[in-house]
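Structure first, commentary second.
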Amino acid sequence: MRQDVDSEIVIAGGGPAGAALAMLLHRAGRRVTLVGRVRYYRAIEGIARRSLQALHSLGLHRAADCAVGPLPRRVIWGGEIRAPNAEWLLPRPAFDAALLEDLHEAGIPVIKARITFLESLKSNVRLGLADGRILTASWGVEARGRAAARRQFRDAAPWSTPAWILRGEAADSAPASATLSLPGGGWAWWSRLKGQQYLQLALTEASLCQARCDPDAWLAAQPDLAQLWGQAKIRHHYQRPSLLGRTQVREGRLWRLGDAAMAIDPLSGQGIFNALSSAHGLAPVLNSLFEEARIAPLERFHQRRQDAQYWRFARAGRDFYRQAAYQESIDIDPAPYWTARCHWPDHQPLHLPEPWARVRVGRGLAIIGTRLAERELVFTPDQPLGIQAVAGTPLAPLVKAMQEGDHDAARALLVAAGPAAMAVARWWTDHPDWPTLPEPALHSSGVTASSPVDSASQ
């Protein structure tokens, strides 16, 4: 039973990636339909401040209001106890339901149904529903998470040990969370919210086997975890796939988004941030596509942006594993779990040096409003995709003036930036090898040192 929907784009998946993309496209005047269902398993997730702010900026206010926090992000890693920043906790079923409510209130058609297939044809896409209906649209987006990417990976991490999840009630109702590295290899993220507690574990295969046989005994043998969990019974425990890898972002008329485009190590704690960031990258691609822009540069932009995120998250996880291996090696040889993860994906530092001699200005695609447009960008070893603006101020003219030694032109650009000049200057001074900006401009601009830095790297 075919049903043509009055949409240019159909999105499969109602999680944060699909919801964010639907909202962005709707705001840009695109006709979009989203198909998704609420996930009813009682997971808890942690997000950082920037993800919470992004939800609000997208108009996903009900979803953002589900977050509880800020809570100190407690970390016990490699024997060191830290509280580096704060996080907010999200009860996933309520959060997913709120996302769909936000879309409905915005006037976006939402179909709550199970999807049976999603395929690309020559001139459209077809999406099948469990009730027999088949929806068609000009373009489709796969946003159903890492399960949808399982058979599509271009490359993947050399390990795929599943995550092990414990759930139970909590005597203490106060919200809290903690991240721990485990002796002998593995890590845990524990959270407590509204009388429930949730424990996600990444374990060695031997530990996973022992834990599955007798969860209570295994948990009791982990002193730090047992103290967090308390005396509550384990009500539910199960395995969940933990696939890591990246895909081709486009297949015919289907685009991939969020975890369906690249699934990252949950150790990074950036799952929802990646979902929202991925949507912000794909929306201008699709908007430009409908204006008959050439598809190859658009696909290349989305692919490179997703790949850059993937490698950055992979290297961040690798550095955490190296820290645990180093701390463990002080007393004993580090566990194979750590050493195997200390060398993937490579040995390149998380952030590359950016010497002034290797900074160049060139043309490339950048996100300008709701579209992609070619602009002069600043390319550095650490930002190979290019930087268009800092604090809303185009960066290329300032870099060109300083490369040419024209301090009068640089000073005029900073004066024209007004209140953003101090933010630009503060960002610039984070690059110690770069030449000093002309000082008088900062005084004449009348700005204060509290101006926020907002790097708009593309």
Inset, instruction - Given side chain to side chain contact (heavy atoms under 4.5 Å, CB included), test F301 with V249 step by step and report yes or no. - result: CA-CA 10 Å; F301 176 89; V249 297; over 6 Å; no
Legend entry - L199 vs I165 side-chain heavy atoms within contact, under 4.5 Å: no
Inset, instruction - For the residue pair F273 and F313, categorise the inter-ring angle as parallel (less than 30°), tilted (30 to 60°) or perpendicular (more than 60°). - result: perpendicular
Inset, instruction - Return each pair, listed once, that meets salt bridge (Lys or Arg N to Asp or Glu O under 4.0 Å) where at least one residue sits in residues 85-103; pairs must be two or more places apart or across chains. - result: R39-D96, E45-R92, R62-E101, R62-D102, R73-E87, R92-D96
Legend entry - Side-chain donor or acceptor of T429 paired with backbone N/O of R426 under 3.5 Å: yes
Inset, instruction - Grab the two heavy atoms, one from G14 and one from L34, that are nearest each other, plus how far apart they are. - result: CA-CD2, 3.7 Å
Inset, instruction - Rounded to the nearest 0.5 Å, what's the gap from CD1 on I367 to CD on Q388? Could you check? - result: 10.0 Å
Inset, instruction - Could you tell me whether the side chain of R144 and the main chain of D259 form a donor-acceptor pair under 3.5 Å? - result: no
Inset, instruction - Dump the intermediate steps for side chain to side chain contact (heavy atoms under 4.5 Å, CB included) on V141 and L286, then the final yes or no. - result: CA-CA 10 Å; V141 176; L286 295 174; 4.0 Å; yes
Inset, instruction - Just do the side chain to side chain contact (heavy atoms under 4.5 Å, CB included) check on T370 and L24 with the steps written out, would you? - result: CA-CA 8 Å; T370 62; L24 289 166; over 6 Å; no
Legend entry - Closest approach of I368 to A373 (non-hydrogen atoms, all atoms of both residues): CG1-CB, 4.0 Å
Legend entry - Distance-only side-chain donor-acceptor flag, Q303 / D307, under 3.5 Å: yes
Legend entry - Polar side-chain atom of W229 near backbone of A232 as donor-acceptor pair, under 3.5 Å: yes
Inset, instruction - Could you please spell out the steps behind the salt bridge (Lys or Arg N to Asp or Glu O under 4.0 Å) verdict for R358 and D382? - result: CA-CA 10 Å; R358 295 189 61 187; D382 195 52; over 6 Å; no
Legend entry - Smallest separation among heavy atoms of L257 and S278, with atom names: CD1-OG, 3.1 Å
Inset, instruction - Start with the C-alpha gap between R315 and D346, add the side-chain angles, then the distance that decides, and say whether salt bridge (Lys or Arg N to Asp or Glu O under 4.0 Å) holds. - result: CA-CA 8 Å; R315 290 171 184 134; D346 52 30; 2.7 Å; yes
Inset, instruction - Kindly say whether the aromatic ring centers of W434 and W427 come within a distance under 6.0 Å. - result: yes
Inset, instruction - List the steps, then state whether side chain to side chain contact (heavy atoms under 4.5 Å, CB included) holds for S181 with I76. - result: CA-CA 7 Å; S181 62; I76 306 172; over 6 Å; no
Inset, instruction - Examine the side chains of S191 and S177 and answer whether a donor and an acceptor come within less than 3.5 Å of each other. - result: no
Legend entry - Shortest non-hydrogen contact between V35 and A113, atoms and distance: CG1-O, 4.1 Å
Legend entry - Heavy-atom side-chain contact between W187 and L203 under 4.5 Å: no
Inset, instruction - Report yes if the side chains of L180 and L228 come closer than 4.5 Å at any heavy-atom pair, otherwise no. - result: yes
Inset, instruction - Return yes when atom CD1 of I81 has more than 12 non-hydrogen atoms of other residues, nucleotides or ligands closer than 6.0 Å, and no otherwise. - result: no
Inset, instruction - Find the distance between CG (L55) and CE (M23) and round it off to the nearest 0.5 Å. - result: 10.0 Å
Inset, instruction - For T247 and A261, indicate whether the former's side chain and the latter's backbone hold a donor-acceptor pair under 3.5 Å. - result: yes
Inset, instruction - Kindly say whether V10 contributes a backbone atom to a donor-acceptor pair with the side chain of S7 at under 3.5 angstrom? - result: no
Inset, instruction - Mark yes or no for whether R305, through its side chain, and L385, through its backbone, hold a donor-acceptor pair below 3.5 Å. - result: no
Legend entry - Beyond-backbone contact of L201 with W218, side-chain heavy atoms, under 4.5 angstrom: yes
Inset, instruction - For the residue pair H56 and H61, establish whether any side-chain heavy-atom pair is separated by less than 4.5 Å. - result: yes
Inset, instruction - To the nearest 0.5 angstrom, please state how far the CG atom of L25 sits from the CD1 atom of I108. - result: 8.5 Å
Legend entry - Distance-minimising heavy-atom pair for A63 and L99: CB-CD2, 3.5 Å
Inset, instruction - Classify the ring geometry between F320 and W77 as parallel (under 30°), tilted (30 to 60°) or perpendicular (over 60°). - result: perpendicular
Legend entry - Crowding at CZ, R312 (>12 non-hydrogen neighbours, <6.0 Å): yes
Legend entry - Between Q196 and R167: side-chain donor-acceptor atoms closer than 3.5 Å: no
Inset, instruction - Verify, without hydrogens or angle tests, whether S57 (side chain) and A54 (backbone) share a donor-acceptor contact under 3.5 angstrom. - result: yes
Inset, instruction - Answer yes or no: does atom CZ of R154 have more than 12 heavy-atom neighbours from other residues, nucleotides or ligands under 6.0 Å? - result: yes
Legend entry - Rounded distance [0.5 Å steps], OG in S288 versus CG in L298: 5.5 Å
Inset, instruction - On the 0 to 90° scale, with breaks at 30° and 60°, tag the W344-Y310 ring pair as parallel, tilted or perpendicular. - result: perpendicular
Legend entry - R27 atom CZ: more than 12 heavy-atom contacts under 6.0 Å: yes
Inset, instruction - Kindly check if the number of other-residue, nucleotide or ligand heavy atoms within 6.0 Å of CD (E205) is above 12? - result: no
Legend entry - Close side-chain approach of W255 to V125, heavy-atom, < 4.5 Å: no
Inset, instruction - Using only heavy-atom distances, determine whether the side chains of Q197 and W190 contain a donor-acceptor pair under 3.5 Å. - result: yes
Inset, instruction - Could you tell me whether a side-chain N or O of S207 sits under 3.5 Å from a main-chain N or O of T204, the two making a donor and an acceptor? - result: no
Legend entry - 4.5 Å side-chain heavy-atom contact, L60 and L103: yes
Legend entry - H237/W164 aromatic ring centres below 6.0 Å: yes
Inset, instruction - Return yes when atom OH of Y326 has more than 12 non-hydrogen atoms of other residues, nucleotides or ligands closer than 6.0 Å, and no otherwise. - result: no
Inset, instruction - Could you tell me whether the side chain of R256 reaches within less than 4.5 Å of the side chain of Q248, counting heavy atoms only? - result: no
Legend entry - R192 to Y198, cation-pi by 6.0 Å centre distance and 45° axis angle: no
Legend entry - Ring geometry between Y321 and W338 (parallel below 30°, tilted from 30 to 60°, perpendicular above 60°): tilted
Inset, instruction - Please answer whether the main-chain N or O of G252 pairs with a side-chain N or O of R250 as donor and acceptor at a distance below 3.5 Å. - result: yes
Legend entry - Whether over 12 other heavy atoms sit under 6.0 Å from Q348 CD: yes
Legend entry - Check: E354/T380 side-chain N/O donor and acceptor closer than 3.5 Å: yes
Inset, instruction - Give the minimum heavy-atom separation between A188 and L225, together with the two atoms involved. - result: CB-CD2, 3.8 Å
Inset, instruction - Please round to the nearest 0.5 Å and tell me the distance separating atom CG of L129 and atom CG of D131. - result: 5.0 Å
Inset, instruction - Output the distance between atom CG (L21) and atom CZ (R30), rounded to the nearest 0.5 Å. - result: 12.0 Å
